[in-house]
Amino acid sequence: MSTHIGAQPGEIAPVVLLPGDPKRAQWIAEAFLEDATCYSEVRGMLGFTGTWQGQRVSVQGSGMGQPSMAIYVNELFDEYDVRSIVRVGSCGALSEKVAVRDVIIASGACTDSAMNRITFEGLDYAPVADFGLLRAAVDAAEARDVTAHVGLIFSADSSFYASRPELMTRMVSYGVLGVEMEASALYTIAAHWERKALAVCTVSDHVVTGEETSAEERERTFADMVEIALTAAFDLETGHAAPRELGSTSSPPRPGV
Ligand SMILES: O=P(O)(O)O[C@H]1O[C@H](CO)[C@@H](O)[C@H]1O
Ligand SMILES: O=c1cc[nH]c(=O)[nH]1
């Protein structure tokens with residue numbers, strides 16, 4: 001086992017879904033995976049491995065905020081050889097273009113966290129999603145009746161209860177769609193390990209209008225996000241979302257089609 005994950009080598013699949021909430025990890029394992037077993041209960045941060053459409057997948061809680069998430073993600077990449085991590089989170093909408101229950105697929109992430117600044121000695125690193133996962137997630141969302149937005153998310157260390165409306169308005173005017181607490185460091189850590197990462201978040205509340213989803217609605221809309229994440233991760237793993245050649249204007253035929 002690693003310091004914070006109680007799994008033996010080989011017990012965690014190469015593809016991991018990463019919700020902040022460990023109870024969401026359990027719900028995903030029970031609702032979406034077959035033959036799921038719990039490989040870790042260390043600190044109550046549950047992790048499960050099972051199969052989805054015959055393919056091994058794990059789901060690991062990461063806690064709230066970038067320092068907690070970074071511990072789990074570093075151990076998943078370093079000690080369990082995980083290849084792809086898709087965060088399946090909740091987020092608040094900042095932009096009027098985004099409604100509660102919509103999905104945000106984060107192409108990149110801004111942050112007020114010091115984590116990147118420490119790593120890059122004050123330089124502004126630009127954390128971005130893996131392009132293959134991003135494109136596969138957009139395809140998966142388009143194939144469903146889901147309103148998905150692709151763009152920037154704000155990974156906030158300090159604003160869950162801090163009211164900074166002017167700053168949020170300015171961020172929206174620079175293209176930021178929503179706010180959560182993990183994507184930026186996830187993208188940076190994945191780049192460090194040369195692995196793939198993406199954050200797909202369901203809008204649970206609107207920071208500007210104050211609208212919120214009910215618990216029942218959250219569960220239903222979270223299911224869309226989980227299906228998008230699983231479809232995207234395995235389209236990429238199985239080559240169904242193989243990169244197009246640079247300069248080509250059309251998609252290559254999909255294998256087996
Ligand atoms: O629903 P999760 O994945 O935990 O994500 C969001 O919810 C938590 C805050 O309530 C933060 O972790 C934020 O990123
Ligand atoms: O981090 C989060 C998650 C949901 N809603 C918010 O406003 N912030």
Side-chain angles (χ1 to χ4, degrees), residues 16-29 31-32 43-48 58-73 76 85-106 108-113 115 127 129 137 149 151-165 167-169 171-172 176-189 197-230:
V16 175
L17 299 197
L18 192 83
D21 182 354
K23 286 289 186 188
R24 194 181 314 139
Q26 183 170 19
W27 170 71
I28 292 169
F32 292 87
R43 289 177 179 251
M45 203 54 71
L46 304 173
F48 300 84
S58 296
V59 52
Q60 170 68 52
S62 70
M64 288 186 280
Q66 309 197 63
S68 176
M69 180 279 306
I71 284 175
Y72 295 99
V73 167
L76 289 170
I85 293 180
V86 184
R87 166 166 157 68
V88 281
S90 63
C91 72
L94 294 176
S95 166
E96 286 175 7
K97 295 177 192 159
V98 180
V100 289
R101 294 175 284 276
D102 289 357
V103 167
I104 295 178
I105 303 172
C110 319
T111 189
D112 58 359
S113 165
M115 288 176 69
H149 307 263
L152 292 174
I153 208 152
F154 172 37
S155 301
D157 269 8
S158 65
S159 68
F160 196 87
Y161 290 116
S163 177
R164 296 188 287 178
L167 178 59
M168 297 303 146
T169 303
M171 294 189 84
V172 169
V176 176
L177 301 171
V179 55
E180 51 83 81
M181 297 175 63
E182 290 86 12
S184 172
L186 170 64
Y187 290 175
T188 306
I189 295 165
L198 176 68
V200 181
C201 293
T202 303
V203 176
S204 57
D205 56 280
H206 204 296
V207 174
V208 179
T209 66
E211 190 186 352
E212 290 179 338
T213 46
S214 67
E216 189 187 353
E217 282 178 315
R218 275 202 291 278
E219 182 163 314
R220 197 179 67 241
T221 50
F222 282 179
D224 289 333
M225 162 178 79
V226 172
E227 283 179 9
I228 289 169
L230 287 166

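Note that ligands are numbered from 1 as they come in the structure, with each ligand's atoms numbered from 1 the same way. Since this is a predicted model, take the numbers as computed values, not measurements.
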Task: For Gly89, atoms of ligand 1 separated by under 4.0 Å from a heavy atom - done: 3 (O)

Task: Met181-ligand 1 polar pair, N/O distance under 3.5 Å - done: yes

TODO: Look at atom 12 (O) of ligand 1 and say which protein heavy atom is nearest, naming residue and atom and giving the distance to 0.1 Å.
DONE: Glu182 OE2, 2.6 Å

Open item on the list: Quick one, Glu182 with Ser62, criterion side chain to side chain donor-acceptor pair (under 3.5 Å). Give me CA distance, side-chain angles, the key distance, then yes/no.
Closed with: CA-CA 9 Å; Glu182 290 86 12; Ser62 70; 5.2 Å; no

- [ ] Starting at CD of Glu96, measure out to CG of Leu177 and round the result to the nearest 0.5 Å.
- [x] 12.5 Å

Task: side chain to side chain contact (heavy atoms under 4.5 Å, CB included) partner of Val98, the single match among Val208, Ile104, Val207, Val172 - done: Ile104

Task: Per-atom contacts, ligand 2 versus Val179 - under 4.0 Å to a heavy atom - done: 1 (O), 2 (C), 7 (O), 8 (N)

Open item on the list: Give me the nearest non-hydrogen protein atom to atom 4 (O) of ligand 1 as residue plus atom name, then the distance to 0.1 Å.
Closed with: Gly20 CA, 3.4 Å

Task: Per-atom contacts, ligand 1 versus Glu180 - under 4.0 Å to a heavy atom - done: 14 (O)

TODO: Determine, using heavy atoms of Arg24 and all atoms of ligand 1, whether some pair is separated by less than 4.0 Å.
DONE: yes

Open item on the list: Check this for me: does any side-chain nitrogen of one of Asp112 and Arg164 sit under 4.0 Å from a carboxylate oxygen of the other?
Closed with: yes

TODO: Start with the C-alpha gap between Arg101 and Glu211, add the side-chain angles, then the distance that decides, and say whether salt bridge (Lys or Arg N to Asp or Glu O under 4.0 Å) holds.
DONE: CA-CA 10 Å; Arg101 294 175 284 276; Glu211 190 186 352; 3.7 Å; yes

- [ ] Go through ligand 2 atom by atom and flag the ones less than 4.0 Å from a non-hydrogen atom of Glu180.
- [x] 1 (O)

Task: Heavy-atom nearest neighbour in the protein, as seen from atom 5 (N) of ligand 2, with distance rounded to 0.1 Å - done: Asp205 OD1, 2.8 Å

Open item on the list: Please check whether Met181 reaches ligand 2 - meaning an N/O of the residue sits under 3.5 Å from an N/O of the ligand, judged on distance alone.
Closed with: no

Task: Proximal atoms of ligand 1 relative to Ser90 (non-hydrogen, under 4.0 Å) - done: 1 (O), 2 (P), 3 (O), 5 (O), 6 (C), 7 (O)

Open item on the list: Among all the protein's non-hydrogen atoms, which is closest to atom 5 (O) of ligand 1, and how far away is it?
Closed with: Arg87 NH2, 2.9 Å

Task: From CA spacing to verdict: side-chain contact (heavy atoms from CB on, under 4.5 Å), Asp102, His149 - done: CA-CA 8 Å; Asp102 289 357; His149 307 263; 2.8 Å; yes

- [ ] To the nearest 0.5 angstrom, please state how far the CG atom of Leu17 sits from the OG atom of Ser58.
- [x] 9.0 Å

Open item on the list: I need the nearest protein heavy-atom contact for atom 10 (O) of ligand 1: residue, atom name and distance, please.
Closed with: Phe160 CE1, 3.6 Å

Open item on the list: How long is the straight-line distance from CD of Glu212 back to OG1 of Thr209, given to the nearest 0.5 Å?
Closed with: 9.5 Å

Open item on the list: If the cut-off is 4.0 Å to any non-hydrogen atom of Ser204, which atoms of ligand 2 fall inside it?
Closed with: 4 (C)

TODO: Considering the heavy atoms of Val207, write down every atom of ligand 2 situated less than 4.0 Å from one of them.
DONE: 7 (O)

TODO: Evaluate the criterion ring pair (Phe, Tyr, Trp, His ring centres under 6.0 Å) for residue pair Phe222 and Trp27; output intermediate values, then yes/no.
DONE: CA-CA 10 Å; Phe222 282 179; Trp27 170 71; 7.1 Å; no

Open item on the list: Any donor-acceptor pair under 3.5 Å linking the side-chain atoms of Thr111 with those of Gln66?
Closed with: yes

Open item on the list: Among all the protein's non-hydrogen atoms, which is closest to atom 6 (C) of ligand 2, and how far away is it?
Closed with: Gly92 N, 3.6 Å

